[in-house]
Peer 1: 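The structure under discussion is supplied below as structure tokens; questions concerning it will follow.
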Amino acid sequence: MTTMTTLSETKRILVPLDLNETGEDLLYYAGQLAHTLGAELYLFHACKTNDLTFTQQSNCIQKLRSFAERVFSREFNASKVAAPFDCVVRPGQISDSIQAVVQDYQIDLVLMDAGTHDSKGLTGEAAERTAKIMDLVSCPVMVLPAAVRYKKLKNLVFATDFTDQDQRVLFRIADFAQQLKARLTLVQVYGEEERSQLCTYKSAMLALEKQLKGREVIFRLLEEEDVLEGISEFSEATATDLLILATQDNYLMERLFSTNYMKTMAFHTRIPLVTYRQHKKKPCSGCCMNCKNKQEQPQPEATIQ
């Protein structure tokens with residue numbers, strides 16, 4: 001029997017924090033997740049100043065450490081020690097330096113909150129903030145909806161296209177599920193107009209099953225009119241704890257949180273979302289009008305020097 005080994009582990013989690021009640025909820029979740037993974041936390045606070053003197057930096061680090069120790073002492077009892085953590089502070093906004101911080105500390109996962117919500121769900125401003133961070137870093141980004149408390153992640157769903165895979169990303173996702181001791185389901189949602197390609201999808205699915213043999217992975221093909229609503233309905237029906245996307249842009253994520261997709265949005269305000277960066281062979285992972293619209297836009301004329 002072949003022994004499966006973890007090829008890549010999540011060892012360092014970066015948590016951008018504001019020192020407020022929202023930051024407390026995020027930090028508690030981060031402590032629980034890091035404890036489960038056996039990972040180290042890097043708590044990151046942007047001081048929103050143009051620069052930092054050595055004294056200011058020391059004071060900010062002390063505030064951040066005291067904030068974390070207070071949250072952990074309240075949330076974790078003596079029988080369950082919080083994950084080890086280090087503190088990172090930088091001037092300016094989070095987006096100004098997060099790319100360098102991820103590189104300098106060899107971060108494996110960024111865990112962030114989804115921002116403020118209005119009565120209809122995630123605000124456009126919060127979605128843009130989240131998308132901007134995803135654009136800046138190469139590692140996976142986990143987005144935590146507001147007011148979501150930690151629970152053991154047992155059931156992970158990777159919404160994907162079986163015919164458009166990056167093997168390195170695929171195995172990183174499978175390793176992440178294995179590290180969590182969770183079940184992983186790969187699901188492809190296709191529309192009625194794609195029925196002619198069903199044999200191709202099934203063949204690609206069987207090939208992936210062989211690649212991931214020995215792991216606890218389930219494969220599903222679903223026909224739905226709308227890709228994202230199909231993913232959402234499937235995730236809700238199967239009691240999904242975490243939704244995973246692998247995309248080359250943030251179009252799907254923005255649609256997930258759009259107020260135009262109330263059914264989808266309602267579900268995704270209750271579970272975390274993880275995005276992996278993957279170069280796609282196809283125009284985009286959504287089989288959507290987004291790329292077509294871009295192609296149809298008039299291109300600027302070249303300037304003759």
Side-chain angles (χ1 to χ4, degrees), residues 114-115 117-128 130-131 134 140-148 153-165 173 177 182-198 200-202 204-205 208 217-278 280 282-294:
H117 290 67
D118 61 17
S119 59
K120 295 183 178 180
L122 187 69
T123 63
E125 181 182 352
E128 287 179 11
T130 304
M134 290 177 179
V141 177
M142 183 171 177
V143 183
L144 188 66
V148 170
L153 302 175
K154 299 178 181 178
N155 184 16
L156 280 53
V157 167
F158 175 25
T160 188
D161 181 337
F162 297 148
T163 64
D164 196 356
Q165 293 291 324
I173 292 170
R183 181 180 64 188
L184 176 64
T185 301
L186 271 65
V187 58
Q188 177 171 352
V189 179
Y190 63 94
E192 181 180 349
E193 69 280 0
E194 298 174 78
R195 285 180 182 172
S196 61
Q197 301 179 51
L198 192 54
T200 302
Y201 294 156
K202 287 181 177 178
M205 183 177 71
L208 291 178
V217 182
I218 298 169
F219 296 83
R220 294 291 302 274
L221 271 166
L222 297 175
E223 182 179 318
E224 294 287 347
E225 183 177 348
D226 183 273
V227 172
L228 287 184
E229 289 192 2
I231 291 168
S232 181
E233 289 173 3
F234 174 81
S235 298
E236 190 159 21
T238 55
T240 297
D241 299 312
L242 179 70
L243 177 64
I244 302 171
L245 300 175
T247 66
Q248 62 187 8
D249 57 39
N250 296 311
Y251 179 72
L252 283 182
M253 188 278 298
E254 290 169 354
R255 275 193 66 202
L256 276 169
F257 290 120
S258 169
T259 53
N260 295 325
Y261 289 83
M262 294 302 295
K263 192 159 47 172
T264 297
M265 182 198 63
F267 179 65
H268 290 291
T269 58
R270 300 197 298 273
I271 69 166
L273 168 72
V274 174
T275 60
Y276 286 74
R277 188 66 64 201
Q278 174 181 333
K280 290 286 187 177
K282 296 183 178 179
C284 83
S285 53
C287 300
C288 60
M289 293 297 295
N290 186 46
C291 296
K292 292 179 182 177
N293 290 339
K294 288 181 179 178

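For clarity, every value in this text was computed on a predicted model and none was experimentally measured.
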Peer 1: Distance from Y276 atom OH to M142 atom CE, nearest 0.5 Å?
Peer 2: 9.5 Å

Peer 1: In chain order, what residues pass the salt bridge (charged side-chain N to carboxylate O under 4.0 Å, His left out) check against E224, with sequence neighbours excluded?
Peer 2: none

Peer 1: Distance check, rounded to the nearest 0.5 Å: Q165 atom CD versus T160 atom OG1?
Peer 2: 3.5 Å

Peer 1: Can you list everything that forms a side-chain hydrogen bond (donor to acceptor under 3.5 Å, both in side chains) with T238? Sequence neighbours excluded, please.
Peer 2: T240

Peer 1: Check each of L208, T185, V187 against F219 using the side-chain contact (heavy atoms from CB on, under 4.5 Å) test, and report the only one that passes.
Peer 2: L208

Peer 1: Return the CD to CG distance between E233 and L222, rounded to the nearest 0.5 Å.
Peer 2: 10.0 Å

Peer 1: Report yes or no: does D241 contribute a side-chain atom to a donor-acceptor pair with the main-chain N or O of N155 at less than 3.5 Å?
Peer 2: yes

Peer 1: Would you give the length of the straight line joining atom CE of M134 to atom CG of L245, rounded to the nearest 0.5 angstrom?
Peer 2: 8.5 Å

Peer 1: For the pair Q278 (side chain) and D164 (backbone), establish whether a donor and an acceptor sit closer than 3.5 Å, ignoring hydrogens and angles.
Peer 2: yes

Peer 1: What is the minimum heavy-atom distance between Y201 and F162, and which atoms define it?
Peer 2: O-CD1, 3.9 Å

Peer 1: Using modelled atom types and a 3.5 Å cut-off, is there a donor and acceptor pairing between side-chain atoms of E194 and backbone atoms of G191?
Peer 2: yes

Peer 1: Under the salt bridge (charged side-chain N to carboxylate O under 4.0 Å, His left out) test, which residues partner R195, sequence neighbours left out?
Peer 2: E223

Peer 1: If you take all heavy atoms of P145 and I271, which pair is closest and at what distance?
Peer 2: CG-O, 3.1 Å

Peer 1: From F158 CZ over to Q188 CD, what is the distance, rounded to the nearest 0.5 angstrom?
Peer 2: 10.5 Å

Peer 1: Just to verify, which of I173, I218, L242 counts as forming a side-chain contact (heavy atoms from CB on, under 4.5 Å) with L184?
Peer 2: I173

Peer 1: Mind checking the NZ-OG1 spacing from K202 to T163? Nearest 0.5 Å is all I need.
Peer 2: 15.0 Å

Peer 1: State, to 0.1 Å, how close L156 and I244 come at their nearest heavy-atom pair, and which atoms those are.
Peer 2: CD2-CD1, 4.1 Å

